[in-house]
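Remember, predicted model here, so these are calculated numbers, not experimental data. Labels below follow one simple rule: chain letters A, B, ... track the order of the sequence lines, proteins then strands, and each chain is numbered from 1.
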Amino acid sequence: SQQGEEDPQALSIQEGENATMNCSYKTSINNLQWYRQNSGRGLVHLILIRSNEREKHSGRLRVTLDTSKKSSSLLITASRAADTASYFCAYQGGSEKLVFGKGTKLTVNP
Amino acid sequence: ETGVTQSPTHLIKTRGQQVTLRCSSQSGHNTVSWYQQALGQGPQFIFQYYREEENGRGNFPPRFSGLQFPNYSSELNVNALELDDSALYLCAMNRDYAYGYTFGSGTRLTVV
């Protein structure tokens, strides 16, 4: 069963706007990762944040992690139509396996 | 180009049949994981291999089995296929779990 939860399930914005997606989990983690998936194909690794980090940036992406609230957020700034995809958070706890949420479907309208 | 190749890309099988899915990498990824993704859901962990040994398994029955070869390529075998096995099967590889995984493009399996 899924142990991560993304919020919202779907998000529709205009090009140029910012998109924020949230993720919650239930156990202690070593790290939390965000992935993008286009059209039901393979996942692309976006960013990894370790449990002792609070914020991380990569290009237009900003990820925060609050281990006390067991939550993370992904911010995509200045969205483009090409950012349209499903976004998944996944965490690693004591084992190496990734535990995924159900994802947020982002639509960026031109 | 992700560096991880899965084959075939699509497959249609009949209930009760057996299927073998394959995954390979051009780089020396020593860890390979397999995930099942049903439509509209997130990927679910099936199992993981590290240096040819299974070192983690999700909540899947024994009819799901796998292999990792010395060249780090891998196979996922599913016996006695059921309709609910219809899904996208994803292979993921890495050298160090602390740096994220590289996923293949997946195999879309349809069981009829």
Side-chain angles (χ1 to χ4, degrees), chain A residues 1-10 21-27 29-53 56 58 61 63 65 72 74 85-105, chain B residues 1-7 9-10 21 23 25 29-51 53-60 66 68 86-110:
Chain A
S1 62
Q2 306 290 123
Q3 295 187 37
E5 294 289 337
E6 281 97 341
D7 169 53
Q9 292 185 357
M21 289 159 265
N22 302 298
C23 169
S24 61
Y25 56 92
K26 298 179 181 178
T27 68
I29 63 172
N30 288 329
N31 64 67
L32 188 140
Q33 304 174 32
W34 286 88
Y35 288 84
R36 184 185 74 228
Q37 185 176 42
N38 292 85
S39 303
R41 300 308 292 177
L43 283 81
V44 175
H45 179 258
L46 296 176
I47 197 164
L48 179 152
I49 186 165
R50 294 179 175 79
S51 60
N52 61 352
E53 297 175 313
K56 203 163 184 179
S58 177
L61 306 179
V63 168
L65 178 64
S72 174
L74 171 67
S86 291
Y87 291 81
F88 293 90
C89 72
Y91 65 85
Q92 287 182 306
S95 63
E96 286 84 355
K97 72 173 184 179
L98 288 170
V99 180
F100 285 86
K102 292 186 178 181
T104 293
K105 188 172 184 179
Chain B
E1 174 59 52
T2 67
V4 175
T5 302
Q6 289 188 243
S7 62
T9 54
H10 295 84
L21 310 182
C23 177
S25 170
H29 296 102
N30 55 23
T31 299
V32 61
S33 306
W34 286 89
Y35 290 82
Q36 181 196 66
Q37 186 179 21
L39 203 60
Q41 302 293 315
Q44 295 260 26
F45 176 73
I46 302 175
F47 45 59
Q48 178 167 285
Y49 283 81
Y50 174 72
R51 294 184 176 179
E53 297 286 333
E54 184 181 297
N55 73 340
R57 188 176 183 92
N59 188 27
F60 281 81
Q68 185 186 28
S86 295
L88 180 68
Y89 288 86
L90 295 161
C91 167
M93 292 189 171
N94 73 358
R95 293 190 191 84
D96 184 331
Y97 78 93
Y99 293 95
Y101 286 79
T102 300
F103 279 79
S105 296
T107 294
R108 175 75 61 187
L109 173 65
T110 302

Check each atom of A:Gln9 against the heavy atoms of chain B and say whether the ones under 4.5 Å are side chain, backbone, both or neither. neither

Separation between NZ of A:Lys97 and CD1 of B:Ile46, rounded to the nearest 0.5 Å: 12.5 Å

Could you tell me whether the side chain of A:Tyr35 and the main chain of B:Tyr101 form a donor-acceptor pair under 3.5 Å? yes

Going by the rule side chain to side chain donor-acceptor pair (under 3.5 Å), which residues pair with B:Gln6 if we only count those two or more places apart in sequence or in a different chain? none

Considering only heavy atoms from C-beta outward, does the side chain of A:Gln37 approach that of B:Leu88 to under 4.5 Å? yes

For B:Tyr35, is it the side chain, the backbone, both or neither that has a heavy atom under 4.5 Å from a heavy atom of chain A? side chain

Report yes if some heavy atom in the side chain of B:Gln48 is under 4.5 Å from a heavy atom in the side chain of A:Leu98; otherwise report no. no

More than 12 heavy atoms of other residues, nucleotides or ligands under 6.0 Å from NZ of A:Lys105: is that the case? no

Which heavy-atom pair separates B:Gln37 from A:Leu43 by the least distance, and what is that distance? OE1-CD1, 4.5 Å

Search all heavy atoms of B:Gly100 against all heavy atoms of A:Leu48 and return the closest pair with its distance. N-CD1, 3.5 Å

